Amino acid sequence: MASFPDFVNENEIAKSQATGELITPTSPFEQKYGRENWTVAFAPDGSYFAWSQGHRTVKLVPWSRCLKNFAACSTKNSVNLVNGKLCRQNSDVSQKNKPLEHTIDCGDIVWSLAFGSSVPEKQSRCVNIEWHRFKFGQDQLLLATGLSNGRIKIWDVYTGKLLLNLMDHTEVVRDLTFAPDGSLILVSASRDKTLRVWDLKDDGNMTKVLRGHQNWVYCCAFSPDSSILCSVGAGKSVFLWDMDKYTMIRKLDGHYNDVVACEFSPDGALLATASYDTRVYIWDPHIGSILFEFGLVRFWRIGKSYPVEVAPLNKGLCCAFSTDGSVLAAGTQDGNVHFWSTPKYVSSLQHLCRMAIRRVMTTNEVKKLPIPHKIIEFLSYQMI
């Protein structure tokens with residue numbers, strides 16, 4: 001019977017394939033501090049990529065153009081933005097939905113980015129919906145930027161114009177996340193120890209403040225069905241919130257140092273958290289148990305005790321997967337972005353079936369199914 005080794009020689013681990021780079025323009029005498037790329041983000045529909053170039057600037061580029069330029073420059077593996085834009089833009093204003101490149105001056109250091117798209121049938125939670133300043137259509141794509149001064153600015157991605165200026169946080173806005181259901185509910189995480197819920201369909205009014213963290217809040221993430229919010233920060237606990245009632249569901253304990261990042265799996269059955277303790281935990285968020293534990297943050301596959309691939313990176317600050325999961329983008333202290341192709345993997349039919357089931361059933365609901373115990377363990381990710 002085949003078994004996995006307890007350890008793997010790092011020389012035997014495949015190196016990730018570099019896709020390309022986006023280089024921030026610099027002058028010979030420019031100071032190095034202030035150029036940090038604290039955040040990168042992909043649009044939900046895969047149309048745009050955004051990153052903070054440092055010095056309060058955000059760059060919005062059409063993702064398809066990035067890929068074409070990466071392919072064209074494959075011998076160099078680099079795209080340099082010093083000498084111009086990625087490619088010529090069409091200046092016809094009537095062609096609004098054609099992806100155009102924008103450089104946005106946010107007025108302060110940018111710590112967080114998030115894209116949000118609208119679904120018209122998702123109404124505002126506001127009682128009085130007779131009049132709103134903004135009428136968001138189905139083709140609306142917004143970019144939220146969280147700033148060092150505690151403000152959140154909302155931009156129209158297609159035009160690069162400022163729409164809203166949200167002011168309530170008193171410290172750095174460290175992370176932003178939109179509800180995936182198209183409701184344009186935005187949650188912000190701040191160093192002021194709070195999470196704040198904003199309803200952009202109600203002209204950006206703040207609807208709730210979530211309190212519970214005793215120190216800085218670093219990161220927050222919605223479950224795929226938008227019903228649960230996870231938040232982590234300067235503390236060892238992971239917080240789960242009911243976003244229908246705006247109440248805390250539970251705290252997950254297990255890390256040995258500050259927890260700095262969190263993300264749900266596409267089916268909502270798993271939650272990944274990363275900590276300064278150098279551990280990545282995979283949780284069952286519905287019952288609060290740890291299913292897997294990984295060491296360093298590399299390319300991992302559930303069920304493997306070692307990384308599938310390693311991507312070399314110096315001075316990394318942030319990372320994000322593209323919408324289809326095929327590319328990983330990582331921002332660095334010098335304001336640049338590096339891209340790698342994710343490892344190719346064909347999921348088994350059993351795993352695809354498991355994901356389809358877990359998208360609509362919680363762990364507790366799965367355990368009540370009249371099926372063999374081994375299948376319940378498989379559906380609960382207790383066995384791979």
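Everything numeric here is computed off the predicted structure, so don't read it as measured data.
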Do you know the tightest heavy-atom contact between [X] and [Y]?
{"X": "F178", "Y": "A144", "answer": "CE1-CB, 3.9 Å"}
{"X": "F49", "Y": "A329", "answer": "CE1-CB, 3.7 Å"}
{"X": "V259", "Y": "A274", "answer": "CG1-O, 3.3 Å"}

So, applying side chain to side chain contact (heavy atoms under 4.5 Å, CB included) with T145, which one of L113, T39, D108 is it?
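Of all the options given, the one that passes is L113.
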Should the pair R279 and Y256 be classed as cation-pi, given the thresholds of under 6.0 Å to the six-membered ring centre and 45° from the axis?
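Geometry flag: not set, cation outside 6.0 Å or 45°.
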Spatial distance of atom [atom1] ([X]) from atom [atom2] ([Y]) [nearest 0.5 Å]:
{"X": "R65", "Y": "S47", "atom1": "CZ", "atom2": "OG", "value": "11.5 Å"}
{"X": "L141", "Y": "Y48", "atom1": "CG", "atom2": "OH", "value": "8.0 Å"}
{"X": "L240", "Y": "T247", "atom1": "CG", "atom2": "OG1", "value": "11.5 Å"}
{"X": "D242", "Y": "R250", "atom1": "CG", "atom2": "CZ", "value": "11.0 Å"}
{"X": "I104", "Y": "C106", "atom1": "CD1", "atom2": "SG", "value": "6.0 Å"}
{"X": "R151", "Y": "D168", "atom1": "CZ", "atom2": "CG", "value": "12.0 Å"}

Please lay out, stage by stage, how I375 and L369 fare under the test side-chain contact (heavy atoms from CB on, under 4.5 Å).
CA-CA 10 Å; I375 299 180; L369 293 174; over 6 Å; no
Polar side chain donor-acceptor pair, N364 to T362, under 3.5 angstrom:
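The criterion, which ignores hydrogens and geometry beyond distance, is not satisfied for T362 and N364.
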Short side-chain donor-acceptor distance under 3.5 Å, D253 and S237:
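On atom types as modelled, these side chains qualify, holding a pair under 3.5 Å.
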Salt bridge between K59 and E101, side-chain N to carboxylate O under 4.0 Å?
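Counted as a salt bridge, because a side-chain N and a carboxylate O are separated by less than 4.0 Å.
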